[in-house]
*Asks:* 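Got a structure for you, written out below as structure tokens; questions coming shortly.
Indexing begins at 1, ligand by ligand and atom by atom, following the structure's order.
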Amino acid sequence: MRHFRVPRIAATQTTDESVYRDRRRLLAAFATSPLLATLPGCAEAEPPPPPKTTISAADAKAGFSTREELTRYEDITTYNNFYEFGTDKGDPSRAAKTLRTSPWTVAVEGECAKPGRVGLEDLLRGLAPQERVYRLRCVEGWSMVIPWLGVPLGEVLRRFEPTSKARYVAFTTLADPKQMPGMRYRSINWPYREGLRIDEAMHPLTLLATGLYGKPLPQQNGAPLRLVVPWKYGFKSIKSIVSIRFVEKMPETAWHDLQPSEYGFFSNVNPDVDHPRWSQKTERRIAGSKSKLFAERIPTRPFNGYAEQVASMYAGMDLRKWY
Ligand SMILES: Nc1nc2c(c(=O)[nH]1)N[C@H]1C(S)=C(S)[C@@H](COP(=O)(O)O)O[C@H]1N2
Ligand SMILES: [Mo]
């Protein structure tokens, strides 16, 4: 028997909604500000080089899926951030239905021996989709538990034979204003761009997702191919990828481009490093019957609970500096 409790909504539970509205206000202000054009670009120094070793798949297997209560399919697919289709949480599920996901081509370029433009089927050929139940923690302060289907990004990348100059991987989302109504707003400097350090990209937890709940990925969740990096804030998990580029220098990313002081390249989930405008200590967990409004706040964990698997990649780095 299920016991229903009357939900008690603490004042803090409403915080991330206002944070989210705040984030949008900031964007709107930036979009119309002539100052934007004169903001200096990325002036950060290079971080220490990535360590040489990568963790084997077998080593990391243990922490691959959480048994926490799943977020409902209807919440995962109607409460989305996909600004190409609008900035309201309900916009993507309404507007993304028209996104054509087949045929789909991904350009793999840059520092690799075998670059090429490949169809989705070729890109994934021979790789069996695996199920991974990951926590997803948005920088806005809410989180979900999502059963993804996908293949380890590293297994895909290896096929293109990255060279020793490939220290980072840059990703780009499709940018087609005809299919993406949200692009008429300059909320982001389109196209949406993200990046990973090569060891992060090759880490066995890093997934190229093609489905969720055993079904093909809905458009609003980034069909037909999106990144999932569970120990980083959700915005690193770039959707509807059309380009993958091996690069030597840390690539510019869409959110860093917009507001470098608020969104760093690494963006590892970290309860001890607050966003300049809000705390990151807790999160509103949307799971089971606790949908949007009635979700309760729980403590946020370092690296979103994946420290055991990933913390060694950042040994010796000041995580306040490299936020
Ligand atoms: N191209 C693109 N990718 C994106 C975004 C976006 O607006 N555009 N939003 C990001 C953010 S902020 C989050 S929290 C996740 C949300 O993924 P979900 O809608 O599948 O939960 O997607 C990320 N990937
Ligand atoms: Mo997010």
Side-chain angles (χ1 to χ4, degrees), residues 16-17 19-20 22-24 26-27 70-96 99 101 134-150 170-177 179-183 185-196 207-213 215-244 253-259 262-263 267 269 275 278 280 283-287 291-292 300 304:
D16 67 281
E17 276 301 323
V19 150
Y20 155 71
D22 226 48
R23 196 180 179 197
R24 283 204 309 167
L26 169 90
L27 297 184
L70 298 182
T71 302
R72 299 183 304 185
Y73 185 80
E74 57 264 45
D75 290 328
I76 297 172
T77 58
T78 60
Y79 190 81
N80 300 103
N81 278 333
F82 199 167
Y83 280 18
E84 287 85 338
F85 295 98
T87 52
D88 278 330
K89 291 286 183 284
D91 286 340
S93 55
R94 283 191 293 266
L99 174 66
T101 58
Y134 286 162
R135 293 173 288 275
L136 176 89
R137 169 54 157 89
C138 176
V139 73
E140 294 163 356
W142 53 267
S143 63
M144 295 187 178
V145 179
I146 304 180
W148 300 106
L149 279 179
F171 304 86
T172 310
T173 294
L174 175 73
D176 179 1
Q179 295 188 72
M180 299 171 142
M183 281 185 67
Y185 308 108
R186 299 280 299 279
S187 51
I188 294 274
N189 295 323
W190 313 111
Y192 196 101
R193 289 146 292 145
E194 260 308 335
L196 294 172
L207 205 65
L208 265 182
T210 55
L212 61 84
Y213 266 105
K215 301 180 204 190
L217 210 55
Q219 282 100 327
Q220 59 268 36
N221 295 94
L225 192 69
R226 62 91 59 86
L227 193 63
V228 181
V229 196
W231 70 95
K232 293 177 180 283
Y233 290 117
F235 64 85
K236 297 294 291 182
S237 293
I238 182 172
K239 295 177 168 179
S240 306
I241 296 166
V242 291
S243 150
I244 300 177
T253 62
W255 280 97
H256 180 270
D257 186 10
L258 209 56
Q259 191 50 290
E262 300 191 356
Y263 305 101
S267 291
V269 174
H275 186 279
W278 60 84
Q280 294 291 25
E283 63 202 52
R284 187 168 50 95
R285 170 62 57 85
I286 303 165
S291 67
K292 300 137 196 180
T300 288
N304 201 22

*Asks:* Is it true that atom OH of Tyr185 has more than 12 heavy atoms of other residues, nucleotides or ligands lying nearer than 6.0 Å?
*Replies:* no
*Asks:* Answer whether the closest heavy-atom distance between the side chains of Tyr192 and Tyr83 falls below 4.5 Å.
*Replies:* no
*Asks:* Have a look at ligand 1 and work out which part of Phe235, if any, has a heavy atom under 4.0 Å from it: side chain, backbone, both or neither.
*Replies:*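 Both of them.
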*Asks:* Taking only heavy atoms of Leu136, which atoms of ligand 1 are found under 4.0 Å from at least one of them?
*Replies:*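 Counting from 1, the qualifying ligand atoms are 21 (O).
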*Asks:* Could you grab the distance from atom CE of Met180 to atom CG of Leu99, nearest 0.5 Å is fine?
*Replies:* 5.5 Å
*Asks:* Using a 3.5 Å cut-off on N or O atoms only, is Trp148 in polar contact with ligand 1?
*Replies:* no
*Asks:* Test your reading of the structure: does Arg226 have an N or O sitting under 3.5 Å from an N or O of ligand 1?
*Replies:*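 Yes; the residue has a nitrogen or oxygen that sits under 3.5 Å from a nitrogen or oxygen of the ligand.
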*Asks:* Check whether any N or O atom of Asn221, backbone or side chain, sits under 3.5 Å from an N or O atom of ligand 1, and answer yes or no.
*Replies:*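 It does: an N or O of Asn221 is found under 3.5 Å from an N or O of ligand 1.
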*Asks:* Is the closest heavy-atom distance from Met144 to ligand 1 below 4.0 Å?
*Replies:* no
*Asks:* Cut-off 3.5 Å, side chains only: do Lys89 and Asn80 have a donor facing an acceptor?
*Replies:* no
*Asks:* Grab the two heavy atoms, one from Ser143 and one from Glu283, that are nearest each other, plus how far apart they are.
*Replies:*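 Shortest heavy-atom separation between Ser143 and Glu283 comes out as OG-OE2, 2.8 Å.
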*Asks:* When you measure from atom 23 (C) of ligand 1 to each heavy atom in Ala175, Ala209, Gly234, which option holds the nearest one?
*Replies:*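 The option holding the nearest heavy atom is Gly234.
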*Asks:* What atoms in ligand 1 come closer than 4.0 Å to a heavy atom of Thr173?
*Replies:*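 Counting atoms of ligand 1 from 1, those under 4.0 Å from Thr173 are 1 (N).
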*Asks:* Specify the closest pair of heavy atoms between Pro181 and Gln179, including all atoms of both residues, with the distance to one decimal.
*Replies:* CD-O, 3.4 Å
*Asks:* Heavy-atom distance to atom 1 (N) of ligand 1: which of Glu84, Arg193, Gln220 wins?
*Replies:* Glu84
*Asks:* Should Ser240 be listed as contacting ligand 1, given a heavy-atom distance under 4.0 Å as the test?
*Replies:* no
*Asks:* Going by distance only, is there an N or O of Ser237 that falls short of 3.5 Å from an N or O of ligand 1?
*Replies:*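 For ligand 1, there is an N or O atom that lies under 3.5 Å from one belonging to Ser237.
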*Asks:* Near Cys138, which atoms of ligand 1 are under 4.0 Å from a heavy atom of that residue?
*Replies:* 14 (S)
*Asks:* So is Lys239 actually on top of Phe85's ring, under 6.0 Å and inside 45° of the axis?
*Replies:* no
*Asks:* Once you round to the nearest 0.5 Å, how far does CD1 of Ile146 lie from OH of Tyr73?
*Replies:*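 That separation rounds to 11.5 Å.
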